[in-house]
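Whatever order the structure lists ligands and atoms in, that order sets their numbers, starting from 1. Positions are given from 1 along the sequence. Atom set for the values below is all heavy atoms of this structure, side chains included, hydrogens, waters and symmetry mates excluded. From a predicted model like this one, the values you see are computed outputs, not experimental measurements.
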Amino acid sequence: MVIVGGPNSIYIPELPKSREGRSRLRGVRFIHTNLKNEPISQDDLMDLIFLRLDLIGIIGIDTHGGAVNLRIAHILPSDKDKSQGFEILPPVSFKNLEINFLDLVQALENELERNRLAVSEKKGKDRAILISLTTAKKETAVASINELKELATTSGITVVDKIIQKQREINAKYLIGKGKLSEIILRALQHGVDLLIFDQELNPSQIRSITDTTELRVIDRTQLILDIFAQRAHSREGKIQVEMAQLKYLLPRINVKDDALSRLTGGIGARGPGETKLEINRRRIKDRIANLEHELKNISKSRGQRRSLRTKKDLPVISIVGYTNAGKSTLLNTLTHSHVFVENQLFATLDPTSRRLRFPKDFEVIITDTVGFIQDLPKELLDAFASTLEELCDADLLLHVADVSNPQVEKQIDSVNKILTQLDIQNKPTVIVFNKTDIAPKDRIEWCLNRYKGVAISALSTKTIEPLIDNLQELLLNSIITGIS
Ligand SMILES: Nc1nc2c(ncn2[C@@H]2O[C@H](COP(=O)(O)OP(=O)(O)OP(=O)(O)O)[C@@H](O)[C@H]2O)c(=O)[nH]1
Ligand SMILES: [Mg+2]
C-alpha cells in the first residue's frame, strides 16, 4: 500500500484486523520518508505499538531528494529487561542495506510465540491483564484488584499482570491515557494476552473504545462474577437465575452492530451456564429472558409449597450468611457432621443446602447454607437470586460468618451487612462468628471481638465451636422462639 502524506504528517488508513493469534504482529511493515532526516519520533513509536506493526522504518531524505539513512524500530518480544518495550536500531546507510526484514520479523514472532508458550501451562486457557481504574485509596484498590485476581483464577484464567490506574474523577472521558494504553497493548502482545478484565463496571461506550484501540476482549468484574456463577450453577433453578442475570447485564450493552460485543462470542463473558453459549442478539435476548422468567416462577412456586410444608413443622431456621470463602459450608459440615462441598475458592456454594441440627438440650433446628456474598455483588445477580435469597427472609436467626484471618475482614462484614440491608433483613437477630482463628493474628481477633461482640471459632475444629453451640442454644431458647419443648 502506498500512502502520500504532507511534509510533517501522514494519515494511515484503517488496517486489516490483527491476524489470528493475538501474540502475532500485524503482518505490515510501515516505511515512510522523513524530509529532514530526523530520528524516530514519539508518534512513530506510538504507531508502532498501537498498530502492532511488524516494524517501522524511516528513510531520511537529503536536500536533493535522495535517500540517506534508514532508521528502524521494532517491538521487543519480551519485557525481561524492563525496557520501554521497543528497540531502535542504529541508523544504517541506505546504500548498503544488509538487513533481511523477513528474517527479522520471523525471529520476533518466534520469540513472541515462545514467550506465550512459556506462560501457558494449559493450552486454551484464557490469559488476562487486570486493570483497576479507581479514585480509591491505594490500599483499597490493591485489596480489590487482588480479590479480582482470585475471581479470575477461580474462573480458570491465568493472570499475567495487574495494573492500577489512579483516576482523578470517576468515569473520566478518557479512561486510560495514551501512555498507559500503549503499555497495556505491549504487555498483552508480549504475554499473548487476549483479555482485559476491569475491576470497575464499564459502560458500553467505554467498552467499545477500549476494545477498538486495543483489539482485545474486554470484560468487567460483574461479568467475571457472572461467569463463575455460570460455571458453578448445578440446579435448574440456579442455572436459570444465572443466565437471566447474564442476559440482563448484556442487554443494554448490545448495539445493533456491536463489534465490541460480537468479539465476545465464545469465551468468558459470553458463555452461559453449563456448556451453553449466551444469546447476543437483542431481540432474542428479550424473548429468552421472558421464557426464563416464566420457568423460574413455576419453580419458585413449588419451592414455596415445599417451604410452607417445612415451616408447618415449626422448626426454627438458622441461616448461615457471610462473605464468600469465609467458611460457611465448613461450619455447616462441622455443626451437622455432613459433607457439603467445601473448597478454597470463591463461590464454591451456589445452591442452598438445608440440614437438621440437634442441640444438646434436645431440640432441633434447620440450618441452611447458601451462596456467599462479595463486595459490589452485581445487582443483576442479586435480583436473579431473589428467590433463593428469599429463604433468608424465613430465617429466625442469621449466623454471619466472617473470615478473621483476612485483613479485609471489616470491609467484608460491611459488604455483607450492606447486602442484608438490600434484602431488608438487617434487623434479624444475628450472631456474628469470627472464623479461621487458627490462622488469624491474635490482636485482630481481639479487636474484632471487642468491636462486634461475636464468637471466635475455627470451623475446622469441633472443639472450638462448642461455645458457639451453647450461645445459639441460649439465644434460641430464651428470646427468639418461645414454646420450644
Ligand atoms: N485454616 C482454616 N481454614 C478454614 C476454616 N474454615 C474454613 N476454612 C477453609 O476455607 C476455605 C473455604 O471454606 P468454605 O466452607 O468452602 O467457605 P464458604 O464460606 O462456604 O465459601 P463459598 O461457598 O465459596 O462462599 C476452605 O478451604 C476451608 O477448608 C478454619 O477455621 N480455619
Ligand atoms: Mg460454601
State whether a side-chain donor-acceptor pair under 3.5 Å links [X] with [Y].
| X | Y | answer |
| --- | --- | --- |
| S319 | T368 | yes |
| D403 | N325 | no |
| Q200 | S132 | yes |
| E295 | N291 | no |
| S155 | Q231 | yes |

Any donor and acceptor pair, going by atom type alone, linking the side chain of [X] with main-chain N or O of [Y] inside 3.5 Å?
| X | Y | answer |
| --- | --- | --- |
| T421 | D424 | no |
| K328 | Y323 | yes |
| K180 | Q165 | no |

Looking at ligand 1, is there an atom of it that comes within less than 4.0 Å of some heavy atom belonging to G322?
no
Return the orientation label for the F434 and Y452 ring planes: parallel under 30°, perpendicular over 60°, tilted otherwise.
tilted
Using a 4.0 Å cut-off to any heavy atom of [X], which atoms of ligand 1 qualify?
| X | value |
| --- | --- |
| F347 | 24 (O) |
| I439 | 1 (N) |
| S329 | 15 (O), 18 (P), 20 (O) |
| G372 | 25 (O) |
| E343 | 11 (C), 12 (C), 16 (O), 26 (C), 27 (O) |

Please state which protein non-hydrogen atom is closest to [atom] and give its distance, to 0.1 Å?
| atom | value |
| --- | --- |
| atom 17 (O) of ligand 1 | G327 N, 3.1 Å |
| atom 13 (O) of ligand 1 | T330 OG1, 3.4 Å |
| atom 31 (O) of ligand 1 | S458 OG, 2.8 Å |
| atom 29 (O) of ligand 1 | V342 CG1, 4.0 Å |
| atom 10 (O) of ligand 1 | K436 NZ, 3.0 Å |
| atom 27 (O) of ligand 1 | N344 CB, 3.2 Å |
| atom 11 (C) of ligand 1 | N325 OD1, 3.5 Å |
| atom 24 (O) of ligand 1 | A348 N, 2.5 Å |

Using heavy-atom distances, let me know which of N435, L331, N333 sits nearest atom 6 (N) of ligand 1.
N435
Heavy-atom nearest neighbour of atom 25 (O) of ligand 1 within options V321, T464, D438, T324
T324
Step through the shown structure and confirm whether more than 12 heavy atoms of other residues, nucleotides or ligands are within 6.0 Å of CZ on R358.
yes
Any nitrogen or oxygen of [X], side chain or backbone, less than 3.5 Å from one on ligand 1?
| X | value |
| --- | --- |
| L346 | no |
| K328 | yes |
| I457 | no |

What are the two closest non-hydrogen atoms of Q246 and P273, and how far apart are they?
OE1-CD, 3.6 Å
If I take every N, O or S atom of S329, is at least one of them less than 2.8 Å from the Mg ion (ligand 2)?
yes
Partner of H400 under side-chain contact (heavy atoms from CB on, under 4.5 Å), chosen from V431, T430, I320:
T430
